[in-house]
Structures are given as structure tokens and as C-alpha cells.
Amino acid sequence: MGKTIYFWLLDVSKNIVNEQKSEIRLWGVSKEGERILLIRDGVVQTFYVKLESYEDPEAEIKRFNKLLPHESMVKSFKVGKRKIFGRETVCAELNCNPYWFKEVVKEAKKFFGEEKLFEDDLNISRQFLLKNDLTPSTWFKASVEELKSIKLKGVDRIYRVNEIGKIELDEPPKLKVMGLDVVYFARKGEPRPEKDPVAIISVCTDKGLKKQFILENSENELLKGFIDFTSAFNPDVMVTFGGNTVHLAYLSIRAEKNNLKLSIGKLNEPPHPSIFGHVSLVGRVHFDLKDFTEEIAMVEHKTFQELISFLGLDKGEIEHINPIHFSEFWSQGGEKRNNLLKYSSWRAAKMVEAFQLIQNQIISLSQITGMPMDYVYAASPGYRLENYLMREAIKHCELIPKATEKIVRSYTGGKVLQPKPGLHRNIAVVDFKSMYPSLMLKHNISPDTIVTKPFPKGYKVLEVEGTNIGIVQDRRGFFTDILEKLVRERDSIKEMLKETRETVKYWLLETRQKTLKILANAMYGYMGWTGARWFIRAGAEAVAALGRKVVTETIEKADEIGLKVVYGDTDSVFIEYDEEKTNKLLNWISEELGLKAKIDKVYSKVIFTEAKKRYAGITGDGKLDVVGLEMVRRDWCNYARETQKGLLEILLKGKGVEEAVGYISERVKLLRQGRFTLEDLIIWEQITRSLEDYVANAPHISVAKELMRKGWEVKKGDYIGYLICKGEGPLYTRSKHYTEVKVKEVDIDYYIEKQILPVCSRIMRVLGVSRKKLESLVASAGRGLEMFF
DNA sequence: GCACTTTGTATACCG
DNA sequence: ACCGGTATACAAAGTGCG
């Protein structure tokens, strides 16, 4: 007889063998800590057909079924109502034998027309999760029967599953984690999998067990050792940095060259490419930290080393080796090779630590979006939100539309005010809380409520001023329901947080709360994304228009109250602070606009430049805030950024223009005297497309091309670090990769005139010191003359 | 032929 | 491969000058 088990869902996969056998496999960890596999046999794959134009829809489906080569291709069907963009429509649900699914869809396209079909583009594993409302990284209760006759190496027990139900959210089980770092050896340039072998594989487990497989006797032996170790340790999670883009494919090719199969999945399968550029291991979570890193704006060049230091995991215990030197270190042998071995091992260990540190975020996203842990960061924010929307759509009887080709047309966005340049004191930043989501909720903006002129008759339509867009008010939109749910759940978590004392529980809730906010905030951008299934440009346009109106009205009201507005951007206004008047404004916003606003911060001093989106301020507690200026841009050299930072500190911490000039002169002098490191002067820029697609000449592009000629691979997304050297002609002819520059080649004049002086002048000119004046002051200081004003 | 202006390309930021 | 708004640098094309 059956029994009941509790398990935490890790991953899902399919096994479609033939007409008779089609199963979904759920990989999990049981409450007892066993690695289990649950098999659901005889699953069907479903798609829908829109049938509103037919008089007898049922007969039409029967007619279609008769035309199919085999009777069993469609196992069952059901005619009923479903919504398409909010409109109720007669549809048929066709449940197919998964083995024949593609065939049936092909025929259905011919029979009904492609545009009538829905959900035929979802793969069966994904659909299974959606239909059964199963979210990975969550605990479930299942009634099962154990299949004792089958034994598989990667699992402790196998069950046939009958029923599954969600149980209350709880702490995740202790996952078995393995970090993986790989070093290749190439005589010259980038290692190529067709010719260059693996030199080192380092692994580390969550229990601190470290192991290295080194190219000594043969690569075959190395790879075998790694495969055996993986199978023996049997991790739930394999953590890499670049596993999706490089390592798993590289290792697979190397295995092939050695007549091996890279059998590192739970059923000994090799890795396989999946959606969103993810490389998947059956039964395991392959988490690529690189994907996570891409989303952290504070990690400037998206390297592993920077990530580890950002996470606070770099304790300075080891000397870093730049990956471009790995082959060199390997081939030099001796001490160098030893250092490389230590470093690689350290990296593997840090992979585990990094994963454990961000585990909550990954799990939270996985639970809410319904994507397995290893897909959440591989997918872009739009797809992540979309996965969540798809789950909600099913609950709303809303059919999931397909993303189709759309014309890219822009619309007007947020309102940005011209700042009043110069130094201001006591400036309050009034921020609307979640302005766009609030406006969407308040006005019921959703793909199924947006209409354009001429508005349809018979509905109550709210017109959006200054546009040809209207919003139907008679029924609640699909997005409105979702947003409300997101907000409600977030509020309830915030309530729970107030009473939570236990640390683990607190952080789980806190992370979940943040995740919900991120999803709510993404909904506006999603509506305007042409790749979205629920693309509705007019909806995004309406939100932006309403946002502009709110800001405009707030400025008028502030004026009326007697508050001076000095700047504003999209959902904020900067005002000369007066507590009483500001509170009056906040009350008005809440009562008349029905929105929430708060004083985000008060700058005791703030400097606005002539430009929008570029300013620096200091709050009462002495915290420096720099927005948009070169200091926060990664495409300026560090020396210039540091100089600007020093300058702003001087000016905002009470010192005058004179000291500032002295400081700038000093910084220029140090450069001229050669008191800098090359690293200070590297300019980093990202390669944003494949090199052939560039039409213009620019330093980072010509340096990238030069690297390619030397055998290095430059991929989209890579950062190129270069310096400008002395010589004639345009910059791109005298830019050099940072690894090849000698100190005496550097064009110091370029750095002074085009890096240091511009970033200082940007600030100084609004304080009354022109570029020309600044230059002459710096020059006279350099000659040891007295300063004059 | 040269200096100056305008236009186009590219990057990275803000909210 | 989430949106539009914005600043800025550099290269290249355009323009006017007896």
C-alpha cells in the first residue's frame, strides 16, 4: 500500500520513451535527508485551440481527431471557456500523448490555423509544474509507492507518485553543495577545447572536503577522477563560475576527445544545453555564479574575484591570479604552478561559500517564480516575471499567449526636471513609494483593461490625459489582481517580520519580501517589452503619463505651499526643506493623489551640476551620495574617479573652493611626477556586441580586435581594460591592452586633459571656476606661484 | 587646406 | 532579451572661408 512522504523539490525532468511510456521525474530531498526520485507515469501534454468561430466546436475537434494518423495521439479533450487577454472565449483543451505532441500540434496548425493555438510552445516539464501548481524549492507532501526493484546510483529511493500537495513554507533542507573550478592549458592565448587540455579541476564540498585532479599522467585519468568523485559525493548543487558559457561544454568536449562521457548528472548523463543559455545536469542544480554576478551593479567588471570580495568572502588569505595568466603559471611549473593549484582550490571553496551566502535569494526567487534554482538567474528579469505571470494566468483561467514579433515604437517616459546648478543647503528628497506599481493598481492598468481611441462603447473608461489611451473600469485586470496579491503578501510578511526574533526565519522572510517588491516593480517595464507574452505598450505609456502628471501636480502644490523645488526625476522632487510645509505636502499627496510618499533623505549640502541625473550630496550623518557623476561610472579611470571623490568630499565637508583647487593641483602634480600605478589609469569598457557588428572605431574595440589577433577570445559582455599611450592620431590608434603597457609610454597629458580636469571642471564650474581658470590655477600651482582669484 | 560645427556611434548611468 | 531619459566622448562627415 501507499505511504506519505515529505520532500523538497529540487528539479524536474522528463522521460518520454515511446507511445506507452512518458514520465515526469521529480527530484527531491526527503524530510529524512534522502535523495529521492518521484516518477509520475502516463502524463499528458496539453494545448488549447480557440474555437469561437465554429458553430459546433465539439464536432470540429472530433473531425480533427479523425484526421490524425493514430487514434491515441489525443487522449482526451474538453470544450470550455477560457480567457484571452481578459475576454471569455470558447476553447478546446487537447490532452495529447507526449510522444506525439509535436505531430498533433503540426496537424492542428494546418487544420485550425497557427494563430488559434495556445500553450503549444511550452515544454512538458514546465507545463507539468504550471498545471499542478508545483514550485521548486518548496516542501511537498506526496502519497507514493516505493519502487524497490529499481536501483539508481544517484538516488536513495525511487517512488511512483500518486498525489502531491503543498505544505507550509519552511527552512530548506541541508543541500549537498559542490564547488567546481577548472583551469586549462594553452601554449598561447585562449584555451580551445578542440586542442587544449584541462590542467586542473578543483572541487570543494560543503563539508570542506577539497580535492584536485591534476594533469600528470593523462587527461583521461584526470577527467575520470572528477567524474567518479562527483558521482560518489552526489551533490544536489554544483556551483561554477562560467559553467553555462564555458566550462561544462569545454569539459564535455575534452571528455569526448578522451573517449569518455562526462557523466556527472544524477543518472550519469552528460550536461545538456537548455533554455536561457543554461547548461543543465539532470537531477542536480547547476548554479552558475556568473549569471548572478551580471545582475549586481556594484560588481564592476563581473569577475569571480570581484564577486567574492563584494560578498565579503575575501579575507585576503590568498594572492589573486588573473585568469589570463593561468596557462603561464601552469607551464612555468614549480612555485608558480603550486600557487596556481592553491588558487584554483581556493576558488572552488569560495564557490560553495558564495552559493551558501546567496542561497536564500535564489530559493526565494525560485519559490515565487516557479523556476528551478539554477534557472532564475540564467533567465533575464523579464522572463522571470513572465514565469510568475504564467502561473497566475492558469489560476485565472487565462490562456498563456505566445510572444510574437512586434513593431518597436517608443513612447514618452518619466519627467526629469532641470536642476538649479550650484551648491544648495538643507534639501529634502521626497520620494513616491513604488510609484508605478501604485499607479497600476490604482487605475487598474493591465493588458486586458487597456483600450485606445475610439473607446469601445458600453464600458466605463477612464481616459488618460494627454494620450489616446483609456482604462476599462468595469472589471479588474489580470495584472491588477497580481499586483494586489504581491502587495498584500509583502505587507503581511512585513507584519510577520515585526514579531520574528529567530534569525534564520527573519532572513527568509526579509528576502521573500524583497523578492516580491522586485517582481512588482518589474511589471511596468514588462508591459513595454516587445518580447513579452503580455506586451501592452499603451499600458506602459499610460503609467508613465500618469506618473508625469503626479510629479507636475506635486510641483504645483509645493509652489502653492511655498516650498521651492530644485530638482526631480520620475518619482521624486527635491525641495528646500521645511518640516511643517513638507509634512503638509506629504499629507496632500496621500489625501488628494491617493499615493504614498516619504522623505527619503535630507541633504545638508548638495551640489547640482548643469546636467540632469548628475549630482552629489551629503546627509546629516556625513554620508556622501554621488549620483551619475564620473566617480560612479566604470568607464573612467580610477585616478580620475578618486580625484573627483576627493574633490567632492572637500567641497561638501565644509571646505572652500581654494582648498579644492589646491587638491586638484596636487593630484595633477602627482601624475606628472609619475607617482601612480598603471592600474590607476586603466580605462575599462564593455564589449556589447560581436566585434564584426561595430561600425565605429573606438579604443576598446581596436584593443579587443588586437587581442583576437593574438589568440584571445573576446566575447560579448567582456570588459576590455586599456590605456592611452603617447603618439599621434586618434585615440583608437594609441590605445593598448593594460597587460602590454609600460609606464613610460603612457600619455600623461591625455589623462590630465581628458580625464582629471574634465571630472573636476564638471564640479568647479558650477561653483564659479571655469575650465580655463581652473587650468591656469593648476598651472600656476604647478610652478609654485601664489594662487589668485 | 584648415578650423569649426554637426551628426552618428557607443557606453553607462538614473529612476 | 524590462522601460525611457539623459550625459558625454570621440570619430567622421559637413561647411564655410576671398
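Order of the sequence lines fixes the chain letters, A, B, ..., with proteins taken first and strands second; residue numbering starts at 1 for each chain.
At the heavy-atom level, A:G531 lies nowhere under 4.0 Å from the strands shown. Across all strands, A:A540 comes closer than 4.0 Å to no nucleic acid atom at all (heavy-atom distances). Counting non-hydrogen atoms under 4.0 angstrom, A:Y436 reaches nothing in the nucleic acid. Residue-level contact check: A:T609 touches neither bases nor backbone, having no heavy atom under 4.0 Å from any strand. Heavy atoms of A:F535 sit nowhere under 4.0 angstrom from any nucleic acid atom. A:G525 comes within contact range of at least one nucleobase, with a heavy-atom separation under 4.0 Å. Here A:S572 lies out of heavy-atom contact (under 4.0 Å) with every strand.
Taking side-chain N and O atoms only, A:N697 has no distance below 4.0 Å to OP1 or OP2 of C:dC10. Taking 4.0 angstrom as the limit, A:Y694 places a side-chain polar atom (N or O) nearer than this to OP1 or OP2 of B:dT11. For the pair A:K613 and B:dC13, the criterion of a side-chain N or O lying under 4.0 Å from OP1 or OP2 is not met. Taking only side-chain nitrogens and oxygens, A:R689 comes nearer than 4.0 Å to OP1 or OP2 of B:dA10. When the side-chain nitrogen and oxygen atoms of A:S410 are compared with OP1 and OP2 of C:dG4, one or more of them lie within a distance under 4.0 Å.
Separating the CE atom of A:M440 from the C1' atom of C:dC3 is a distance of 12 Å, rounded to the nearest angstrom. If you take CZ of A:R533 and P of C:dA1, they are 17 Å apart, rounded to a whole angstrom. Nucleotide B:dA12 holds its P atom 11 Å from the CD atom of A:E300, rounded to whole Å. The NZ atom of A:K754 sits 14 Å away from the P atom of C:dT8 (whole-angstrom rounding). Across the protein-nucleic acid pair, A:M435 atom CE and B:dG15 atom P stand 13 Å apart, rounded to whole Å. Straight-line distance from the CD atom of A:Q686 to the C1' atom of B:dT11: 9 Å, rounded to whole Å. Rounded to whole Å, atom P of C:dC2 lies 13 Å from atom CD of A:E294. For A:H700 and B:dA10, the NE2 to P distance is 8 Å, given to the nearest whole Å.
Shown here for A:A403 and A:G531, the closest heavy-atom pair between the two residues is CB-O, 3.4 Å.
Counting only heavy atoms from C-beta on, A:V695 has its side chain closest to B:dT9 among B:dA12, C:dC2, B:dT9. Side-chain proximity of A:A696 to the nucleotides B:dT9, B:dG15, B:dC13 is greatest for B:dT9. The side chain of A:Y750 lies closest to C:dC10, out of C:dG4, C:dA1, C:dC10. Which of C:dC3, B:dA10, B:dC14 sits closest to the side chain of A:Y411 comes down to C:dC3. Of the candidates B:dC14, C:dC3, C:dA9, C:dA9 carries the atom nearest the A:R762 side chain, counting heavy atoms from C-beta on. The side chain of A:V632 has B:dC13 as its nearest neighbour among B:dT11, B:dC13, C:dC3.
Residues A:R641 and A:E630 are not paired through a salt bridge, judged by the lack of any N-O separation under 4.0 Å between the basic side chain and the carboxylate. The pair A:K290-A:D288 fails the salt-bridge criterion, with no side-chain N (NZ, NE, NH1 or NH2) lying under 4.0 Å from an Asp/Glu carboxylate O. A salt bridge links A:R709 with A:E706; the closest basic N to acidic carboxylate O contact falls under 4.0 Å.
Using cut-offs of 30° and 60° for the angle between ring planes, the A:F287 and A:F292 rings count as tilted.
For DNA chain C, the neighbouring residues in residues 728-739 of chain A, judged by any heavy atom under 4.0 Å, are A:P730, A:L731, A:Y732.
If you take atom P in C:dA1 and the same atom in B:dA10, they sit 16 Å apart, rounded to whole Å.
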For this session: Tell me, with the steps shown, if A:H737 and A:Y722 meet ring pair (Phe, Tyr, Trp, His ring centres under 6.0 Å).
Result: CA-CA 4 Å; A:H737 193 250; A:Y722 65 89; 9.4 Å; no
For this session: Check the pair A:W684 / A:Y738 against ring pair (Phe, Tyr, Trp, His ring centres under 6.0 Å), numbers first and verdict last.
Result: CA-CA 10 Å; A:W684 291 93; A:Y738 73 97; 5.3 Å; yes
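A:T303 and A:H301 form no side-chain donor-acceptor contact under 3.5 Å, judged by distance and modelled atom types alone.
If you check distances only, the side chain of A:R633 does reach the base of B:dT11 with a donor-acceptor pair under 3.5 Å.
Test A:L595, A:I589, A:I575 against A:T554 for side chain to side chain contact (heavy atoms under 4.5 Å, CB included) and you get one pass: A:I589.
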